[in-house]
Novice: 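The structure that follows is given in the form of structure tokens.
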Amino acid sequence: AAALEFRDVWFSYRPGRPVLRGVSFQVPRRGHVALIGPSGAGKSTVFALAERFYEPDRGVVLADGADVAALGRAAHRARIGLVEQDCPVLDGTLRDNLRYAAPDAGDGEILRAVAMTNLTGLVARLPGGLDAPVGEHGRELSGGERQRLAIARALIARPGLLLLDEPTSHLDLENELALHRTIERTSRHCALLVIAHRFTTVRAAARVLVLEEGTITASGTHDELLESS
Ligand code: ADP
Ligand code: ADP
């Protein structure tokens, strides 16, 4: 079964105003799917349904073939990692942040997550907590490094599926490439559904879904979409 499947999913925040209108797609096991589309298209809503924050008005969301609505919320969330664009980090070092996220994880698990996200060597840095201003003392990680910390945190639990909202804020080239390497490496270990804002991510995805006004209007590889546009 697919890691994630949407079958004719409809969803509205307010009655009579559907935001998702018959959305169907699959993220295969170890698959790498990119979700693109204009602001307001419904991408974040797809994530909210995938992590069972909301339930569909109609249609079903399946994870590993099981209807997510029938699973306990906690059981389902334990299998899904979510990384949002501006993932808050806590006070303490990068290593502390990983320990808080997974108190039972062994050093091996932590080192693995650190290596997968190219953060080896930065574990003693202070990411800077919620309110630390960028560039000042006490915030020793760049925006890109903080994003990779958020991914590392999600990976410790070895999720079967990672939902990742790529940052839109400016990343310098070095950070963009590092994030991209991390995404590629991650996709070898778990299924990925990425809200893609960056060209490199769309290119690397096995499949790209175009969401417009709550409907998937095109899907295919990056090259197929280029040819048909
Ligand atoms: P995207 O992530 O593609 O920008 P969203 O899923 O955030 O799109 O939003 C899709 C539509 O749903 C938008 O019209 C947005 O205004 C609306 N919307 C999102 N969240 C809420 C909410 N909590 N309550 C009401 N409307 C919402
Ligand atoms: P970005 O432009 O992506 O926000 P920054 O300019 O914040 O990146 O950081 C660039 C590099 O400097 C990063 O590798 C980051 O880890 C390092 N860095 C930033 N602030 C500090 C600091 N206070 N102490 C040590 N290293 C820092």
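The first residue of the sequence shown is numbered 1, and numbering continues consecutively from there. Read the numbers this way: they start at 1 and go in the same order the structure lists the ligands and their atoms.
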Novice: Pick whichever of R14, K43, E212, R17 has a heavy atom sitting closest to atom 3 (O) of ligand 1.
Specialist: K43

Novice: Of the side chain and backbone of P38, name the one, both, or neither that has a heavy atom under 4.0 Å from an atom of ligand 1.
Specialist: backbone

Novice: If you look at every heavy atom in I36 and A196, which pair is closest and at what distance?
Specialist: CG2-O, 3.5 Å

Novice: Can you name the atoms of ligand 1, numbered from 1 with element, that are less than 4.0 Å from a heavy atom of A41?
Specialist: 1 (P), 3 (O), 8 (O)

Novice: Does the side chain to side chain donor-acceptor pair (under 3.5 Å) test come out yes or no for T45 and Y54, once each step is laid out?
Specialist: CA-CA 9 Å; T45 304; Y54 301 119; over 6 Å; no

Novice: What are the two closest non-hydrogen atoms of V114 and L98, and how far apart are they?
Specialist: CG2-CD1, 3.5 Å

Novice: Could you identify the single nearest non-hydrogen protein atom to atom 9 (O) of ligand 1 and state the distance to 0.1 Å?
Specialist: T45 OG1, 4.0 Å

Novice: Going by the angle between their ring planes, with limits at 30° and 60°, are F6 and F25 parallel, tilted or perpendicular?
Specialist: parallel

Novice: Quick one: which ligand 1 atoms are inside 4.0 Å of a heavy atom on V19?
Specialist: 10 (C), 11 (C), 12 (O)

Novice: What residue and heavy atom of the protein are closest to atom 19 (C) of ligand 1, and at what distance?
Specialist: Y13 CE1, 3.4 Å

Novice: Please could you name the atoms of ligand 1 that S39 approaches to less than 4.0 Å, counting only its heavy atoms?
Specialist: 4 (O)

Novice: Hey, is atom 15 (C) of ligand 1 under 4.0 Å from any protein heavy atom?
Specialist: no

Novice: Using every non-hydrogen atom in the two residues, find where V61 and P56 come nearest and quote the distance to one decimal.
Specialist: CG2-CG, 4.0 Å

Novice: Counting distance only, does the side-chain N/O of E5 pair as donor-acceptor with the main-chain N or O of A2 below 3.5 Å?
Specialist: no

Novice: Out of the candidates H180, R198, Q147, only one should pair with E166 under the side chain to side chain contact (heavy atoms under 4.5 Å, CB included) rule; please name it.
Specialist: R198

Novice: Could you check atom 4 (O) of ligand 1 against the protein and tell me its nearest heavy-atom contact, residue, atom and distance included?
Specialist: G40 N, 2.7 Å

Novice: Heavy atoms only: which of S44, G214, G42 lies closest to atom 8 (O) of ligand 1?
Specialist: G42

